[in-house]
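For reference, the structure is listed below as structure tokens.
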Amino acid sequence: MALSDLSHDELAGLESQLASEYAALADKGLSLDLTRGKPSPEQLALSERLLALPGEGDHTSGATDVRNYGGGAGLPELRAIFAELLGVDPDRLIAQDNASLSIMYDALTFAMLFGTPDSERPWKDEPALRWLCPVPGYDRHFGITQALGIEMIPVPLGPTGPDMDVVERLVADDPSIKGMWCVPIFSNPTGAVYDDHTVSRLARMTTAAPDFRVIWDNAYVVHTLTTDFPKVPDVDTVAAEAGNPNRFLQVCSTSKITFAGAGVSFLSSSEANLDWYLKHASVRTIGPNKVNQLAHARFFGDAEGVRAHMLAHRESIAPKFAAADEILTRRLGEYGIASWAMPEGGYFIDLEVVDGTATETVRLAKEAGVALTPAGAAYPYGNDPDDRHIRLAPTLPPLAEVEAAMEIVGLCALLAACRAAR
Ligand SMILES: Cc1ncc(COP(=O)(O)O)c(C=O)c1O
């Protein structure tokens, strides 16, 4: 029965039953963690062979000796594989070092210091700087814009993308809005997948800022939780056709494909944007780690090799997502106090609890030995105005720990809802 349909006495009875279950669990001194979206040791083991690659004596790719300086755009052999996965021209994709977050940070820093190819002046010399942030979103994106002093404006994110009416209205009138974060496929944390209509509107919309940029973070482009791979929109072609060829800076990486600590990142964009990026990047490095890029090329072989590898990841983590879904449904389903969409890919579940109870749910879980990402983390400045969203990351712990932790999350969300209802 829905919580709202319970009588006062029934509610009190349920709360006291939950409180005793909670006390018993808290006494167990558990130490479980659903905070960060990291691959598990079992997933890392899938790439163990990479540690022996490219191997002694294997150090050329085409005419390039990967051991030496140079090759700022990265190895063509590996770029071809990821260009196919992203559906872009290999000449329009560069391979860099580990962490796409570095590319995003650098791109915004270069824009701040020097301006983009379309800027009238460096962004630091603008009277004000603003940035659109679909919410809930990725906390580290917001960390970059916050660190650079760019004011963040939240925009609601639905299952097929941001509210485009709001986005179009804001960017049309305000030249200080210089860009927007987007995670178009299996968004962190909701699992949203942008539809074609949203992509087309983002590419075509009129922006008051001539140098408006969409950071198109395709971090989860091949990270399926089903047996299908998502269709990848060709943003560059759509944007070029719309007369905005420099709008999108698309990034992705192998962080959650091979090793997060030793991966390769990629940037795909217009020729003008790539030339601009490489010109500034070449001041701070004489080339990326091409040995690691060759190792990755050897490891995957081709784009099909990446897909096969991602299906092995899926086998490892899909049961954890299924368990989380089953436990939330069993614990919370009948009470009508929470909602969550089971993602078809990516690394997270966004649990929406009763307004005003996310912080309390996270606190209760912590006291019972389950670490959760702080409530509000998926919002700019850590401020979820409804105190409703909790980001759950089930990939890292073993299945049994995910199950134990999710039982506690479900219990705490319900207990917090009961207390709020009284
Ligand atoms: C949306 C998104 N982008 C980027 C990253 C980090 O990517 P990288 O390891 O390539 O810096 C993450 C990691 O959680 C993410 O969720």
Side-chain angles (χ1 to χ4, degrees), residues 33-40 43-44 47 50 74 78 82 85-86 93-109 131-147 152 157 161-162 179-194 214-225 230 232 248-268 277 281 288-289 292-293 296 306 310 313 317 321 343-350 372-374 377-380 389 391-396:
D33 192 334
L34 293 179
T35 55
R36 292 235 69 103
K38 291 184 181 178
S40 67
Q43 287 177 274
L44 296 175
S47 304
L50 186 59
L78 184 65
F82 278 78
L85 295 168
L86 291 175
L93 175 125
I94 62 172
Q96 300 290 287
D97 285 334
N98 117 294
S100 58
L101 212 58
S102 309
I103 297 181
M104 297 184 248
Y105 184 84
D106 282 354
L108 264 66
T109 306
W131 201 266
L132 300 188
C133 301
V135 288
Y138 177 37
D139 51 355
R140 289 184 184 274
H141 281 163
F142 305 152
I144 292 178
T145 23
Q146 183 164 3
M152 293 180 279
L157 176 71
M180 176 172 181
W181 296 116
C182 290
V183 184
I185 295 178
F186 307 138
S187 177
N188 173 355
T190 68
V193 180
Y194 288 30
V214 177
I215 304 291
W216 195 249
D217 182 355
N218 236 332
Y220 299 106
V221 61
V222 286
H223 301 59
T224 184
L225 286 168
V232 187
F248 291 89
L249 291 164
Q250 174 163 214
V251 296
C252 73
S253 78
T254 64
S255 287
K256 290 168 181 168
I257 298 176
T258 56
F259 299 138
V264 181
S265 61
F266 301 89
L267 169 65
S268 153
Y277 182 88
N289 180 345
N292 192 32
Q293 294 187 2
H296 277 78
V306 178
M310 293 317 291
H313 277 280
I317 61 176
F321 281 82
E344 293 191 351
Y347 262 56
F348 303 100
I349 296 171
D350 176 41
L372 298 177
T373 310
Y379 280 70
H389 293 269
R391 186 181 84 168
L392 304 171
T395 57
L396 179 63

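Heavy-atom basis, side chains included; hydrogens, waters and symmetry copies ignored. First listed ligand is number 1; within each ligand, the first listed atom is number 1.
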Practice task
Dump the intermediate steps for side chain to side chain contact (heavy atoms under 4.5 Å, CB included) on Ile215 and Trp131, then the final yes or no.
Solution key: CA-CA 11 Å; Ile215 304 291; Trp131 201 266; 3.8 Å; yes

Problem - Stepwise side chain to side chain contact (heavy atoms under 4.5 Å, CB included) check, Val221 with Leu85 - result: CA-CA 8 Å; Val221 61; Leu85 295 168; 5.6 Å; no

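- Residue-ligand proximity, Ala99 to ligand 1, at heavy-atom distances under 4.0 Å covers atoms 8 (P), 10 (O), 11 (O).
- Of all the atoms in ligand 1, the ones that sit under 4.0 Å from a non-hydrogen atom of Ser253 are 8 (P), 10 (O).
- The side-chain hydrogen bond (donor to acceptor under 3.5 Å, both in side chains) test with His389 singles out one residue from Thr373, Thr190, Asp350, and that residue is Asp350.
- If you check which protein heavy atom lies closest to atom 7 (O) of ligand 1, you get Ser100 OG, 3.3 Å.
- Between Lys38 and Asp33 no salt bridge is recorded (no basic side-chain N to carboxylate O distance below 4.0 Å).
- Considering only non-hydrogen protein atoms, atom 4 (C) of ligand 1 sits nearest to Asp217 OD2, 3.3 Å.
- The protein atom (non-hydrogen) at minimum distance from atom 14 (O) of ligand 1 is Lys256 NZ, 2.6 Å.
- Ranking protein heavy atoms by distance to atom 9 (O) of ligand 1, first place goes to Ser255 OG, 2.6 Å.
- Looking only at protein heavy atoms, the nearest one to atom 5 (C) of ligand 1 is Tyr138 OH, 3.3 Å.
- Nearest heavy-atom pair across Ile185 and Pro230 is CG2-CG, 3.7 Å.
- To the nearest 0.5 Å, atoms CD1 (Ile317) and NZ (Lys256) are separated by 9.5 Å.
- Atoms CG and CZ, from Asp139 and Arg391 in turn, are 5.0 Å apart once rounded to the nearest 0.5 Å.
- Protein heavy atom nearest atom 16 (O) of ligand 1, with residue, atom name and distance: Tyr220 OH, 2.6 Å.
- Closest protein heavy atom to atom 11 (O) of ligand 1: Leu101 N, 3.0 Å.
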